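To keep things clear, I will list the structure first and then write my remarks on it.
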Amino acid sequence: MNKGILFFVFTLALAIPAVANEEARICQGFLPPNNMSYPVVAGPAAAMAKAKFDEVLDRVQATYGPIIRQMGGTLKIGRKWTDPTVNAYADRNGSTWEIVMFGGFARHPAVTPDGFMAVACHELGHHIGGAPKFGSDWASVEGESDYWANLKCLRRIFESDDNKKIVDAMTDVDPIAVRDCKAQFTSQQDEYVCIRAVMAAKSLAIVLAEDSPGPAPKLDTPDKSEVNQTNGNHPAGQCRLDTLFEASLCKVPFAQDVSQSTYKTGTCYTPNDTRGARSRCWFKPN
């Protein structure tokens, strides 16, 4: 073999790991690249302490680590507490299914611990949120990851909490969340899980507004646009809030799993589902 061919083979061998890693990193972030930054601040000015940051992620790990293990993966949560970045992302490397959470997101002054948990759930949703996906790749699209976060993940984690007590202690519960959750659910447990999940989503509205032009998304200003084909990228901020809101209102139990091949299983999708379906501002059936 001449020296030119040897050099080519050696160079190709060096390049393979980088290419494989790039293919695994399908999900570029909960948000598109942005300039927001919240460094570690000590004392009363701190929006979220590291102990709360770890507590939220510990609950996600304890709840979904065993589930992902049954699916053939190992859940790894990267905890970048000192990093000021306002973002999060999902990645895969063989059987290691990773979500990476940045302290800057947790320290955003508008983001509550439940809101931060919703972000972690979104990243988990890329791994197990089901169809629709990025073509034949492993990852659920952005809108589906939003939908699964409030449809399944938050509900499962909140299940054992005294959700009425938690909601009653909130000082700024949106009356629209209360009205719509009460109208949708008959059991008190389901009603208060719904309210809590909607308020988690609402705490992300300002972050979504900073990433999107226009006013901050609100529960009573839904995006009424309809796409001609499913948008796999990040929908606009209002569209994302709508998706999280509607997912919280879906009556399908969290224990009914979604499918990795069809969007219909375990979700609200029929014409009879007047509430709880995926928002048409990013999703097109079939």
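As the structure is a prediction and not an experimental result, all values here were calculated from the model.
- In this structure, Ser140 has no side chain to side chain donor-acceptor pair (under 3.5 Å) partners at least two apart in sequence or on a different chain.
- Two different hydrophobic clusters hold Leu219 and Val207 under the rule that ILVMFWY side chains link at heavy-atom gaps under 4.5 Å.
- Between the side chain of Asp137 and the backbone N or O of Gly135, no donor-acceptor pair lies under 3.5 Å.
- Checking Asp83 against Thr85 by side-chain atom types alone, a donor-acceptor pair falls below 3.5 Å.
- Remark: Ile68 CD1 is packed, more than 12 non-hydrogen atoms of other residues, nucleotides or ligands lying under 6.0 Å away.
- Contact annotation: the side chain of Lys152 approaches that of Gln256 to within less than 4.5 Å [non-hydrogen atoms, C-beta and beyond].
- Placement of Ile166 and Val56 in two distinct hydrophobic clusters is found when ILVMFWY residues are connected by side-chain heavy-atom separations under 4.5 Å, directly or transitively.
- Side chains of Pro66 and Arg69 form a contact here, defined as non-hydrogen atoms less than 4.5 Å apart.
- The disulfide (SG to SG under 2.5 Å) contacts involving residues 253-286 comprise Cys239-Cys281, Cys250-Cys268, where partners must be two or more places apart or lie in separate chains.
- Looking at residues two or more places apart in sequence or on another chain, you find a side chain to side chain donor-acceptor pair (under 3.5 Å) between Thr270 and Asp273.
- In this structure, the side chain of Asp161 does not engage the main chain of Asn163 through any donor-acceptor pair within 3.5 Å.
- A salt bridge links Lys52 to Glu55: one of the charged nitrogens lies within less than 4.0 Å of a carboxylate oxygen.
- The side-chain heavy atoms of Lys251 and Gln184, taken from C-beta on, include a pair separated by under 4.5 Å.
- Under the 4.5 Å side-chain contact rule for hydrophobic residues, Val111 and Leu208 share a cluster.
- Ion pair Arg278/Asp146 not flagged as a salt bridge, since none of the NZ, NE, NH1 or NH2 atoms sits closer than 4.0 Å to an Asp/Glu carboxylate oxygen.
- Remark: side-chain polar atoms of Glu191 are not paired, donor with acceptor, to backbone N or O of Lys182 under 3.5 angstrom.
- A side-chain donor from one of Asp190 and Ser187 sits under 3.5 Å from a side-chain acceptor of the other.
- Of the possible polar contacts, none joining the Arg275 side chain to the Leu249 backbone as a donor-acceptor pair under 3.5 Å is found.
- Considering only residues two or more places apart in sequence or on other chains, Pro39 meets the side chain to side chain contact (heavy atoms under 4.5 Å, CB included) condition with Ser37, Pro84.
- At least one donor-acceptor pair under 3.5 Å links the side chain of Arg92 to the backbone N or O of His127.
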side-chain contact (heavy atoms from CB on, under 4.5 Å), that's the test. Do His108 and Glu210 meet it? Break it down for me. CA-CA 11 Å; His108 190 292; Glu210 290 177 349; 3.1 Å; yes
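- Here ring-ring contact (aromatic ring centres under 6.0 Å, His included) pairs that include residues 207-254, with residues two or more places apart or in two chains, number zero.
- Within the structure, ring-ring contact (aromatic ring centres under 6.0 Å, His included) contacts touching residues 262-286 (residues at least two apart or in different chains) are Tyr263-Phe283.
- Taking a cutoff of 4.0 Å between a charged side-chain nitrogen and a carboxylate oxygen, Arg179 and Asp220 do not qualify as a salt bridge.
- No donor-acceptor distance shorter than 3.5 angstrom exists from the side chain of Asp114 to the backbone of Met199, with no hydrogens or angles considered.
- Qualifying side chain to side chain donor-acceptor pair (under 3.5 Å) partners for Gln238, counting only residues two or more places apart in sequence or in other chains: Thr221, Asp242.
- The distance from atom CG of Leu151 to atom CD of Glu246, rounded to the nearest 0.5 Å, is 11.5 Å.
- By the criterion of side-chain heavy atoms lying less than 4.5 angstrom apart, applied directly or through intervening Ile, Leu, Val, Met, Phe, Trp or Tyr residues, Ile176 is not grouped with Ile195; the two fall into different hydrophobic clusters.
- Looking at residues two or more places apart in sequence or on another chain, you find no side chain to side chain donor-acceptor pair (under 3.5 Å) involving Thr230.
- The ring-ring contact (aromatic ring centres under 6.0 Å, His included) analysis of residues 50-74, with sequence neighbours excluded, yields the pairs Phe53-Trp81, Phe53-Phe116, Tyr64-Trp148.
- Through direct or relayed side-chain contacts under 4.5 Å between Ile, Leu, Val, Met, Phe, Trp and Tyr, Val227 connects to no other residue.
- With hydrogens and angles disregarded, no donor-acceptor distance shorter than 3.5 Å links the side chain of Thr63 to the backbone of Val60.
- Within the structure, disulfide (SG to SG under 2.5 Å) contacts touching residues 96-126 (residues at least two apart or in different chains) are Cys121-Cys153.
- A salt bridge does not link Asp172 with Lys202: none of the charged nitrogens is closer than 4.0 Å to a carboxylate oxygen.
- Checked against ring pair (Phe, Tyr, Trp, His ring centres under 6.0 Å), His122 has the following partners two or more places apart in sequence or in another chain: Phe30, His126.
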